[in-house]
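Have a look at the structure below before the remarks.
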Amino acid sequence: MRAIFAIYKRELLSSFASPMGYVLLASFLVFNGVVFSFFMQMVASNPALSGTRGPLQMFFGSTILSVLTLLIFCPAISMRTFAEERRARTFETLFTTTVTETEVVLGKFFGALTVWMTLWLPTLLYALVVRRYGPVDWGVLASAYLGQCVIGGAFLSLGILMSALSRSQVTAFVLSFLATGGVMFALGLGSYIYTDESRLQFFGYVNLWSHLENFSVGLVDTRALVYYLSVTALGLGLTVNVLAGRKEA
Amino acid sequence: MIETHKLTRRYGARVAVEALSFTVERGQIVGFLGPNGAGKSSTLRMLSGFIPPTAGTARIAGFDIVEEKQSAQAMLGYMPETMPLYPELRVREYLRFRGEIKGLWGKKLNAAVDRAMGLADIADRDAQLIGELSKGYKQRVGLADALVASPPLLILDEPTEGLDPNQVARFRQLLGALKAEHTILLSTHILSEVEAVCDHVVILHQGKLVAAGSLDEVTARRGAGAFAVRCRAPEGPWQTAPEAEARRCFEGLGLEVEGASAEAGLVSLKLSLTDGDEAALEAAVARLVGAGLGVREVKRATRELEEVFQLLTAEGGAA
């Protein structure tokens with residue numbers, strides 16, 4: 001437990017003691033600041049367009065922009081976790097202590113998740129901006145953040161798995177992008193292609209698009225939670241196995 | 001402290017370490033020698049639990065390195081060859097992190113970090129970024145890391161590689177100081193280092209053990225069968241052509257004359273037994289006396305570690 005916390009602290013320290021964390025934070029805020037102001041303008045110029053949804057729901061909802069945020073920033077956070085340790089050979093000092101693979105993976109995962117949620121933290125200011133023009137439902141907003149947390153967690157866990165399989169951060173990034181975009185995202189698109197009941201149900205269950213939408217309007221579906229937590233557990237479990245099966249540095 | 005039994009490591013078809021068996025007793029400081037690619041680092045990586053052995057077993061302080069890996073790892077501090085560190089951390093941050101994952105916390109952690117920094121002589125650099133340190137300081141941070149949890153066993157893989165002579169000297173001093181409380185396995189190919197600090201050696205060649213024991217034993221054993229003889233010689237061929245004279249004198253005795261020289265009436269002979277039978281030596285002395293020479297000294301020749309090392313690890317060489 002202490003070892004997990006030690007690894008966790010080291011991850012945060014390394015993220016924010018180097019420019020890496022700040023580069024991520026700045027680019028995240030520039031990108032999402034533009035996206036948010038775009039939605040604000042849209043709602044302001046044409047209130048009928050948004051229907052029942054406010055700019056915050058649109059911001060967190062199922063647009064290609066929010067999916068892109070997941071697809072770009074999650075791999076960017078997770079890519080360094082293990083690839084960098086391999087490159088710097090700190091892998092060897094790490095695994096010659098009593099620390100177990102599981103402890104390392106969990107510490108790194110929670111570190112990455114904290115960085116991911118730290119990126120989202122300043123977006124709370126957007127809610128304050130919206131509040132100047134109308135009411136903000138904080139419960140709905142909390143659901144939107146919960147959605148980012150569990151979906152991001154699943155993306156990060158797959159990213160960490162890819163990082164454990166890579167020697168360079170670039171490879172880790174590309175593999176993570178493919179794994180999350182090619183599988184997590186593309187799988188959900190099946191529910192727009194197939195029409196028969198059983199397939200529709202399956203693809204509906206794994207549809208990232210509709211999950212984002214539900215979380216953004218305050219609909220916390222336990223099936224979606226279970227799905228993302230399962231993917232997270234699978235990714236982390238496989239990572240532990242990859243590390244335990246290491247043959248060489 | 002360390003016991004290995006037929007420890008073997010293969011990478012695919014390549015055998016890096018083959019059926020290696022040796023022991024290191026508590027309190028020893030053991031030089032782990034071998035040419036590049038002899039399997040030293042692979043062995044150390046197995047002992048430190050980084051890679052599992054393909055076959056065979058090893059115990060650290062009685063704990064099996066596979067079955068009781070964590071208990072075994074808790075007993076050792078490992079300093080790998082490449083000295084990997086996190087450049088973005090400060091020295092103290094790094095050592096605190098290392099202490100924490102080795103199970104230290106709170107006051108104990110602070111005290112352990114201070115102690116390790118003191119021992120490794122880096123207390124003045126505690127707030128410096130590791131990435132900005134010179135190679136010698138990085139090496140010392142690595143040593144402080146190995147020391148932080150005060151493990152009874154230190155495994156150091158080429159710790160003086162790339163240090164300047166002053167730093168090497170300081171490092172040796174430090175090893176001498178650590179000797180009192182730690183068993184040390186020191187991998188190196190700098191033989192003078194071993195002669196300066198180690199009391200025991202283990203020599204590997206092509207993944208196999210070729211010699212193990214105390215420094216004296218290993219150098220003497222390889223010298224077995226070699227003798228140095230000094231005698232007073234009369235004027236004549238013994239003084240002018242001692243080597244030819246000696247060969248003629250010892251003909252048929254099972255002795256080989258490796259060298260001979262004469263100086264100020266004294267002849268020095270270097271002899272080795274061809275079939276290991278020391279009776280030949282008795283006969284040789286009798287013949288010398290019979291030839292009118294006064295034998296003043298017969299002693300077993302010991303070889304320098306460097307000579308032994310070269311003998312043992314020459315291409316295709318065996319024990």
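On a predicted model such as this, the values are computed, not experimentally measured, just so you know. Heavy atoms only: backbone and side chains are in, while hydrogens, waters and symmetry mates are out.
- In the displayed structure, R10(B) atom CZ is contacted under 6.0 Å by at most 12 heavy atoms of other residues, nucleotides or ligands.
- In this structure, CD on Q73(B) lies 10.0 Å from OG1 on T100(A), to the nearest 0.5 angstrom.
- More than 12 heavy atoms of other residues, nucleotides or ligands shown are found within 6.0 angstrom of CZ on R92(B).
- In this structure, E85(A) and Y86(B) have side chains that are in contact, with non-hydrogen atoms separated by less than 4.5 Å.
- Contact annotation: the side chain of I101(B) approaches that of L94(A) to within less than 4.5 Å [non-hydrogen atoms, C-beta and beyond].
- Taking CE from M83(B) and CD from E92(A), the interatomic distance works out to 9.0 Å, rounded to the nearest 0.5 Å.
- Taking both residues in full, the closest heavy atoms of F91(A) and F50(B) are given as O-CE1, 3.6 Å, listed atom of the first, atom of the second, then distance.
- Inspection of non-hydrogen atoms places no residue of residues 116-132 of chain B under 4.5 Å from chain A.
- Nearest heavy-atom pair, A88(A) versus P84(B), reported as atom, atom and distance to 0.1 Å: O-CB, 3.1 Å.
- For the residue pair S14(A) and E88(B), a side-chain donor N or O sits within less than 3.5 Å of a side-chain acceptor on the partner.
- More than 12 heavy-atom neighbours from other residues, nucleotides or ligands sit within 6.0 angstrom of OH on Y145(A).
- Atom CZ of R2(A) and atom CG of L109(B) lie 10.0 Å apart (nearest 0.5 Å).
- Between the side chain of R98(B) and the main chain of T93(A), a donor-acceptor pair closer than 3.5 Å is present.
- The shortest side-chain heavy-atom distance between K9(A) and E100(B) falls under the 4.5 Å cut-off.
- Both the backbone and the side chain of I7(A) come within contact range of chain B, each with at least one heavy atom under 4.5 Å from a heavy atom of that chain.
- For I155(B), no part lies near chain A; criterion is any non-hydrogen pair under 4.5 Å.
- Contacts between residues 142-152 of chain B and chain A, defined by a heavy-atom separation under 4.5 Å, are made by D145(B).
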